[in-house]
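Below is one structure; the comments refer to it alone.
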Amino acid sequence: MYKEYTILTHADYENGIKERKLLGLKCRACTRITCPPMPVCQWCGSRDLERTELSGEGELITFTVIRVPPEGFEAEVPYIPCLVRTKEGPSVVGRLDHDAERATQDLLGKPVKLNGSFTKGDKFSGGPHTCPVFGVRE
Amino acid sequence: MREVAIIGIGHTKFGIASKTLIELFSEAALQATDDANIDPKQIEALFQGAALPGFEEGQVMPAAFSAADLNLGPIPATRCEGACASASVAIRDAAMWVGAGAYDLVLAGGVEKASTMGVSFATRTFAMACHASTEGPAGLTFPGVFAMAARVYARKYGIPLEKLREQMAYVSVKNHRHGALNPLAHFYKKYGALKIEEVLNSRLVADPLTLMDCCPFSDGASALVLCAAEVARKYTDDPVYILGTGQGSGTPLSKMEDLTKPVSRIRSARAAFKQADLSPEDIDMVEIHDCFTIAELIALESIGFFTWGEAAEATATGQTDLGGKIPVNMSGGLIGKGHPIGATGASQIYWLVKQMRGEAPNGNQINPVPEYGMTDTLGGDFGTLCHIILGRSKR
Ligand SMILES: [Zn+2]
């Protein structure tokens, strides 16, 4: 029989985000969390993994406001890609739901929470992909 | 491993080219074989960096057609792809094959026609070197990634963002000043008198990076003839030796521990120093991958020229210019010289060799002629890193 190595596919992960759930993998070897999913633990490389759901809460590590977009993203400008470190440990890339004109350096370190999803695809992307959208918790 | 020497170098004018990418590469290649005083037919293999030729001219597999265009015969010709580090990966692999004894004489380099894509489509295709499934829908761009890194740098070292922007602007001013003196540079005679305020006040691309914090989309090619060091003096009186190389791979952005301390770059640089049996203090000049101003600062610290958090202030006080602790990007770097991505690593080597021959443009030449030089080339958002250390004498 063909052996399946992927415990949580990227499609599963994206479908979770669409339902406002941040899915990941818990490692039985080192107890740490892998997210977005990989076939092995992102910390120790173990394959002894089980599905888990993260809280969707974290800290804003950094962001930028895109003013010059790639082809196909013109209508969205200005938008804010961000990097969030989740409460559970791993970081995720997503978008920040925030007024671009008021997105300043003092946002760094603020608590954020998953509050939606953003789906985008073009003829190069192999179909649409979905990323998490985070909101700042005041 | 045998030692490897560079005996010939070639470099087209960087900027906007009307020639095809095959023609551009051939031009650089023939300059290099002429410089080495060899007949191109003596070349045993070709290693060519090219990142996005399929999107630029609908041309994949350009290496084979380059070999054909140069009438090299049916020799092995391999395209190497590591985004903006493609040429450095090609040169490193070429050096490995020569070092291993498989070939004595090879051609290595790279080519790109990035300008043909235009800003919007080029921004899209460059972003393909980000992790597509997670960073694609977020709409990340390369300036975006480095803008994010700049914010982390400012917070980590307690630098007000406006102050860091000013320190970053010194990178642009310095590199444009040297690029303006380089006749093969994209911005030759263009921004030699650029002012800090002009960098700060140019158009925002990805907050806090402005247009003048960014390198341009360029066309161009550069090529080198590599040969076994033991026979190098048969061809030239002034071979330059490859003393050490390193390569490292990164992760999607989400798996990086710290955007200002890319492990891929630290590992790659250390491997190159180890092989060369040298340390950062020994290096007389470096060509760094300054795709964005902040990128030069992060690189300087990751390689070990400055301790963590010190490169910004050191740059603002002239420590990376002529006469400073370590002259950085005396060719103009990517910002002043231009960035035909698949060619950049070879161009960096070209300008180190020119420096070592004492043939760099007036105002860019380091005196005395440098003994050791290093290149730092980055592909993607820290996905592929490559370092090459050159010396005027064998190890
Ligand atoms: Zn683990």
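In what follows, every heavy atom counts, from backbone to side chain, and hydrogens, waters and symmetry copies are set aside. The structure presented is a predicted model; accordingly, all values stated were derived computationally and were not measured. By convention in this document, chain letters (A, B, ...) are assigned in the order of the sequence lines, proteins followed by strands, and residues within each chain are numbered from 1.
If you measure heavy-atom distances from A:Phe63 to chain B, the contacts under 4.5 Å come from both the backbone and the side chain. For A:Glu76, no part sits under 4.5 Å from any heavy atom of chain B, backbone or side chain. When heavy atoms are compared at a cutoff of 4.5 Å, A:Pro78 does not approach chain B at all. Using a 4.5 Å cut-off between heavy atoms, A:Phe73 touches chain B through its side chain atoms alone. At a 4.5 Å heavy-atom cutoff, the contact between A:Ala103 and chain B is made by backbone atoms alone. Interface residue A:Thr104: only backbone heavy atoms are found under 4.5 Å from chain B. With a 4.5 angstrom heavy-atom cutoff, B:Leu161 touches chain A only via side-chain atoms. Using a 4.5 Å cut-off between heavy atoms, B:Phe146 makes no contact with chain A at all. Residue B:Leu211 does not touch chain A at all, counting heavy-atom pairs closer than 4.5 Å. Only the backbone of A:Val92 has a heavy atom closer than 4.5 Å to any heavy atom of chain B. With a 4.5 Å cut-off on non-hydrogen atoms, B:Val119 touches chain A through its side chain but not through its backbone. In this structure, chain B has no heavy atom under 4.5 Å from any part of A:Pro90.
Atom NZ of A:Lys87 is surrounded by 12 or fewer heavy atoms from other residues, nucleotides or ligands within 6.0 Å. The environment of A:Arg51 atom CZ is dense: over 12 non-hydrogen atoms of other residues, nucleotides or ligands sit within 6.0 angstrom. Open room surrounds NZ on A:Lys21; 12 or fewer heavy atoms of other groups in view lie less than 6.0 Å from it.
Taking chain A as the reference chain and counting heavy-atom pairs below 4.5 Å, the highest number among B:Pro208, B:Ala132, B:Ser133 is found for B:Ser133. Ranked by non-hydrogen atom pairs under 4.5 Å with chain B, the options A:Thr119, A:Val84, A:Leu83 are led by A:Leu83. Contact tally against chain B (heavy-atom pairs below 4.5 Å) for A:Gly72, A:Gly121, A:Cys131, A:Gly94: the top residue is A:Cys131. If you tally non-hydrogen atom pairs under 4.5 Å between each of A:Gly126, A:Gly109, A:Pro132 and chain B, the highest count goes to A:Gly109.
Side chain of A:Arg95 to backbone of B:Pro137: a donor-acceptor contact under 3.5 angstrom is found. Listed for the A:Thr64 side chain is a donor-acceptor partner under 3.5 Å among the backbone atoms of B:Asp207. At least one donor-acceptor pair closer than 3.5 Å links the side chain of B:Lys255 to the backbone N or O of A:Pro36.
Looking at B:Leu259 and A:Ile61, their side chains never come closer than 4.5 Å, going by heavy atoms from C-beta outward. In this structure the side chain of B:Val205 never reaches within 4.5 angstrom of the side chain of A:Arg67, judged on heavy atoms. A 4.5 Å side-chain heavy-atom check between A:Glu71 and B:Thr123 finds every atom pair outside the cut-off. No side-chain heavy atom of A:Thr62 sits less than 4.5 Å from a side-chain heavy atom of B:Arg155. When side chains are defined from C-beta on, A:Glu74 counts as touching B:Ser120, because their heavy atoms get closer than 4.5 Å. Under the 4.5 Å side-chain criterion, counting only non-hydrogen atoms from C-beta, B:Arg203 is in contact with A:Val68.
Between B:Met256 atom CE and A:Ser91 atom OG the span is 10.5 Å, to the nearest 0.5 Å.
Between the side chains of B:Arg151 and A:Gln105, at least one donor N or O sits under 3.5 Å from an acceptor N or O.
Across all their heavy atoms, B:Leu140 and A:Pro81 have their closest contact at CD2-CB, 3.8 Å.
The aromatic rings of A:Phe124 and B:Phe55 sit perpendicular, their planes meeting at an angle over 60°, well past the 30° parallel limit.
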